[in-house]
Amino acid sequence: MKEITNGIRYIGVDDIDLDLFESQYILPEGISYNSYVILDTRVAVMDTVDSRKTREWMQNLEDALGGSKPDYLVVHHMEPDHSGSISAFLEKYPETTVVATAMGLKFLGQFNPGKAFPHTLAVKDGDTLAIGEHHTLKFIAAPMVHWPEVMMSVELQNGVLFSADAFGKFGALEKTAFWADEDDDWACEARRYYFNIMGKYGPQAAKVLSAMPALSPKVIAPLHGPVIRDSAGILQLYNTWSSYGVETPGVFIAYASIHGNTAAVALELAEILKAKGCPKVALNDLTRDDQAEGVEDAFRYGKMVVAAASYDAGLFTPAYDFLHKLQMKGYQKRKVALVENGTWAPSAGRVMKEMFAAMKDVEVVGNMVTIKSKMTPADRPALEALADAILSE
């Protein structure tokens, strides 16, 4: 049990057995479900955990309480990985008041059909709640970061921001680190988490971030991942991510190859870009690599090349799925270049152009390169020209 600051303790749990987060994102190092308790003359529990870990969490809670009973259960986010133990909690502590936004309380009923919740308190942006003599919470509305009922809260006396899913990260704490400043590679899995979970909601995240200077949090306590006590660099990253800015100069190449010929083109183009001085070239095999990492890199870099085979008079499925994910996540403010492959009637480029045309502020640059079955030396000038086009932008 970790002490976050005076009277605030961590009671969360790790889940190293879960293979897919939200049934779609791989978890090579598991996930943490973070929960906290504020101990004062009154007691507030800050969120619960996924039902997979109810028993372990309840034991952590009981150890922290030391025989006391909680007065409040503050629910910042009603998604089941954080609200999944509310029912079990209230069975043991039925007199506890559940504190959430009005929409959060509505969702509480939807996730627990047929159950009554007689002790609730709906709060809104700017409301405060005294937790005894030494801790006061101020609530911050954070709709669509990344659900509509989300709120954050700041404990005013010690400057602890309970940030819901914002500032979260994949990875169990026992596999990474409890404190973010002791996590050597915090940004990697935090970036994959951000763009795949809430990348679509950059404007909403940016609105909440605009309040951070006034709040001046000394500690950020998210619902997943390490607790943050040195937040300047992380806040800067979040400002870049939420505004769809470019984090790293370079070019990202995403390719989808059926028999290896399109892959060969992508690898050749990567070498051409490096030879021309591109500061960084990242690649993702959309057929085999984690596409969530592809989404992450598409947002990380300002320029992207998509190389894909034609398939059934359209676009090879992995590339189509990838571009569809970018559409869903609000991909924007980027330069892209295209390579298509087709043996008799190339069609991949047409579909890719249509999909990018539906995205905001995405410009297709250079002349699309069309490969007929397999790359030949005659294709080299076109690849050189495409590399020049995307590097000159």
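Excluded from the calculations below are hydrogen atoms, water molecules and symmetry mates; all remaining heavy atoms, backbone and side chain alike, are included. In what follows, residues are counted from 1 in the order of the sequence shown.
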Taking the six-membered ring for Trp, are Phe107 and Trp147 parallel (under 30°), tilted (30 to 60°) or perpendicular (over 60°)? perpendicular
Taking only Lys NZ, Arg NE, NH1 and NH2, and the carboxylate oxygens of Asp or Glu, determine whether Asp127 and Lys138 approach each other closer than 4.0 Å. no
Who pairs with Ser153 by side chain to side chain donor-acceptor pair (under 3.5 Å), at least two apart in sequence or on another chain? His76
With a 4.0 Å cut-off on N to O distance, would you call Lys175 and Glu189 a salt bridge? no
Fit a plane to each ring of Phe299 and Tyr244, take the angle between them on a 0 to 90° scale, and name the class: parallel (under 30°), tilted (30 to 60°) or perpendicular (over 60°). tilted
Sequence neighbours left out, what pairs pass side-chain hydrogen bond (donor to acceptor under 3.5 Å, both in side chains) with at least one residue falling in residues 213-226? Asp81-His224, His82-His224
Parallel, tilted or perpendicular: which fits the ring planes of Trp241 and Tyr238, with parallel below 30° and perpendicular above 60°? tilted
Does Glu174 have any salt bridge (Lys or Arg N to Asp or Glu O under 4.0 Å) partners at least two apart in sequence or in another chain, and if so, which? none
For Asp361, I'd like to know if atom CG has over 12 heavy atoms of other residues, nucleotides or ligands within 6.0 Å. yes
Residue set satisfying side chain to side chain contact (heavy atoms under 4.5 Å, CB included) with Asp379, at least two apart, ordered chain then number -> Ile371, Met375, Thr376
What residue pairs, at least two apart or across chains, pass side-chain hydrogen bond (donor to acceptor under 3.5 Å, both in side chains) with a residue in residues 336-355? Thr262-Asn341, Glu340-Thr370, Thr343-Ser373
May I ask you to decide whether Lys169 forms a salt bridge with Asp183, counting only side-chain N to carboxylate O separations under 4.0 Å? yes
What do you reckon, is NZ of Lys333 surrounded by more than 12 foreign heavy atoms closer than 6.0 Å? yes
Taking only residues at least two apart or on different chains, which pairs with a member in residues 102-117 satisfy side-chain hydrogen bond (donor to acceptor under 3.5 Å, both in side chains)? Ser87-Lys115
Measure the acute angle between the ring planes of Phe170 and Tyr193, then classify it against the limits of 30° and 60° as parallel, tilted or perpendicular. perpendicular
When you look at OH of Tyr311, are more than 12 heavy atoms from neighbouring residues, nucleotides or ligands closer to it than 6.0 Å? no
Do we see a donor-acceptor contact under 3.5 Å between the side chains of Glu56 and Asn60? no
Which class fits the ring pair Phe252 and Phe322: parallel under 30°, tilted 30 to 60°, perpendicular over 60°? perpendicular
